[in-house]
Amino acid sequence: MDLYTVPPKGFYIGDFEITFYGIIMVFAMLVGILLACKLAKRRGFTSDDIVLLALIVLPCAVIGARIYYSIFYGLSFREFFNFKSGGLAVLGGVIGGILGIIIFALIKRNFKIIIDLFDVCVPCLILGQAIGRIGCIFSQCCYGELVTNPNHQWFPLSMLIETYDGSGVYEWHYATNLYESVWNFIGFVPILLAFLKSKVKFTPSAVYLIWYGLGRSIIEGFRGDSLFIGSTNIRVSQLLSIIMIIIGVVMLAVNIYKRVKYKDKYI
């Protein structure tokens with residue numbers, strides 16, 4: 001017997017609604033910032049640098065996630081500012097975060113630090129994404145396709161999702177938000193180890209690109225809300241994930257070559 005029940009979306013304090021999605025996302029950001037402060041010293045940054053970086057990167061990531069969602073899901077200019085309606089895309093957030101790192105480097109007038117910043121951020125990013133996807137379970141978003149086979153209607157393989165008409169009817173969908181959360185939690189380990197052990201810059205970032213790209217490209221195939229390129233069967237997020245994998249593999253191969261050539265030097 002499946003004991004799964006639909007989790008609550010939040011609670012009210014007076015007329016003000018507080019969602020568990022919002023609480024979990026804020027928690028994910030705080031964990032990421034604290035971890036970054038710990039890792040920063042290994043690449044010559046201070047905690048003050050990380051706080052300033054967070055003040056730049058986090059808004060850029062949120063705006064990037066919203067712009068990506070708005071462009072590909074056709075939101076109007078007015079709808080763009082209605083954040084209460086939901087709509088953030090992880091890959092857009094990653095793109096926005098990269099822009100934020102570049103802005104930080106501009107402020108510091110030092111573009112040489114960009115790769116080091118990427119390496120500091122990726123363990124924090126994958127951990128934040130893992131925690132953030134738990135919020136998607138509470139908000140009932142980023143779930144998979146409808147599950148019609150009764151043998152597959154059990155948690156954690158699938159989860160109950162309320163139908164769009166708000167009738168109170170629930171249907172089973174693949175729990176892709178949970179899949180991605182678990183995948184990212186596991187991926188945190190090799191990415192962190194790459195940061196702590198590798199003496200070649202961009203290795204942690206390359207491992208992140210490969211790990212996240214691989215997981216997202218597979219899990220996206222089970223999503224029920226994917227955006228396709230034109231009239232093709234190519235999913236936008238899968239294509240971007242495959243590009244991430246290719247970049248990561250190329251950079252990792254280059255770094256392995258550097259590691260062999262320069263041996264124990266930090267490059």
Side-chain angles (χ1 to χ4, degrees), residues 18 20-67 83 88 90-135 180-181 183-212 244 248 251-252 255 258-259 264-267:
I18 299 177
F20 289 119
Y21 176 84
I23 293 173
I24 291 171
M25 291 301 294
V26 170
F27 177 71
M29 292 178 185
L30 289 175
V31 169
I33 292 171
L34 291 174
L35 178 60
C37 288
K38 286 287 186 180
L39 301 180
K41 297 176 183 178
R42 290 176 173 266
R43 294 295 177 93
F45 301 108
T46 66
S47 296
D48 289 341
D49 290 329
I50 297 303
V51 171
L52 176 59
L53 179 66
L55 291 174
I56 298 170
V57 166
L58 292 179
C60 287
V62 172
I63 293 172
R66 187 62 172 175
I67 290 175
F83 280 83
L88 297 173
V90 171
L91 289 175
V94 173
I95 295 171
I98 291 173
L99 178 61
I101 289 175
I102 294 172
I103 293 173
F104 179 84
L106 278 171
I107 293 173
K108 291 291 186 177
R109 297 181 181 180
N110 184 2
F111 283 99
K112 293 181 180 180
I113 64 175
I114 290 179
I115 298 300
D116 283 316
L117 289 172
F118 285 163
D119 286 347
V120 169
C121 288
V122 288
C124 313
L125 175 59
I126 195 75
L127 182 58
Q129 288 174 314
I131 297 171
R133 281 303 188 202
I134 297 174
E180 191 170 332
S181 178
W183 177 262
N184 290 343
F185 271 121
I186 296 172
F188 171 70
V189 176
I191 294 169
L192 180 63
L193 288 176
F195 179 85
L196 296 175
K197 301 297 184 180
S198 177
K199 294 186 177 182
V200 183
K201 295 183 181 182
F202 204 75
T203 298
S205 299
V207 175
Y208 168 82
L209 291 172
I210 296 169
W211 185 273
Y212 181 76
M244 290 172 67
M251 290 306 303
L252 191 59
N255 285 358
K258 287 181 178 179
R259 183 71 177 87
D264 292 332
K265 294 181 179 178
Y266 182 77
I267 52 176

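Index from 1, following the sequence. This one's a predicted model, so the numbers in the text were calculated from it and none came from an experiment.
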Fill in the blank from the handout: Contacts satisfying salt bridge (Lys or Arg N to Asp or Glu O under 4.0 Å) that involve residues 94-108 (not counting sequence neighbours) are D49-K108

Exercise for the section: Report the relative orientation of the aromatic rings in W183 and W211; use parallel for angles under 30°, tilted for 30 to 60°, perpendicular for over 60°. Expected result: parallel

Problem - Charged N-O contact under 4.0 Å between R43 and D119 - result: yes

Taking the side chain as C-beta and beyond, is there a heavy-atom pair between [X] and [Y] under 4.5 Å?
X	Y	value
F111	L106	yes
F104	I113	yes
M29	L58	yes
L52	I56	yes
I98	F118	yes
L127	I131	yes
V120	F195	yes
I101	C121	yes

Using 0.5 Å steps for rounding, measure from the [atom1] atom of [X] to the [atom2] atom of [Y].
X	Y	atom1	atom2	answer
M244	S205	CE	OG	10.5 Å
I210	M251	CD1	CE	10.5 Å
I186	I126	CD1	CD1	10.5 Å
F188	Q129	CZ	CD	12.5 Å
I95	C60	CD1	SG	12.5 Å
K38	S47	NZ	OG	8.5 Å

Practice task
Have a look at I134 and tell me which of F185, F20, F27 forms a side-chain contact (heavy atoms from CB on, under 4.5 Å) with it.
Solution key: F185

Closest approach of [X] and [Y], non-hydrogen atoms and distance?
X	Y	answer
G248	A206	O-CB, 3.5 Å
I114	A105	CG1-CB, 3.6 Å
A40	T46	CB-O, 4.4 Å
G132	A28	N-CB, 4.2 Å

Practice task
Begin from the C-alpha positions of Y212 and V94 and carry the test side chain to side chain contact (heavy atoms under 4.5 Å, CB included) through to its verdict.
Solution key: CA-CA 11 Å; Y212 181 76; V94 173; 5.5 Å; no

Handout entry: Side chain T203, main chain V200, donor-acceptor under 3.5 Å
Key = yes

Practice task
Without swapping roles, check the side chain of N255 against the backbone of K201 for a donor-acceptor pair under 3.5 Å.
Solution key: yes

Exercise for the section: In sequence, state the C-alpha distance, the side-chain angles, and the governing distance for F202 and K258, and then conclude on side chain to side chain contact (heavy atoms under 4.5 Å, CB included). Expected result: CA-CA 11 Å; F202 204 75; K258 287 181 178 179; over 6 Å; no

Exercise for the section: Take I103 and I107, measure what side chain to side chain contact (heavy atoms under 4.5 Å, CB included) needs, and give me the verdict at the end. Expected result: CA-CA 6 Å; I103 293 173; I107 293 173; 4.2 Å; yes

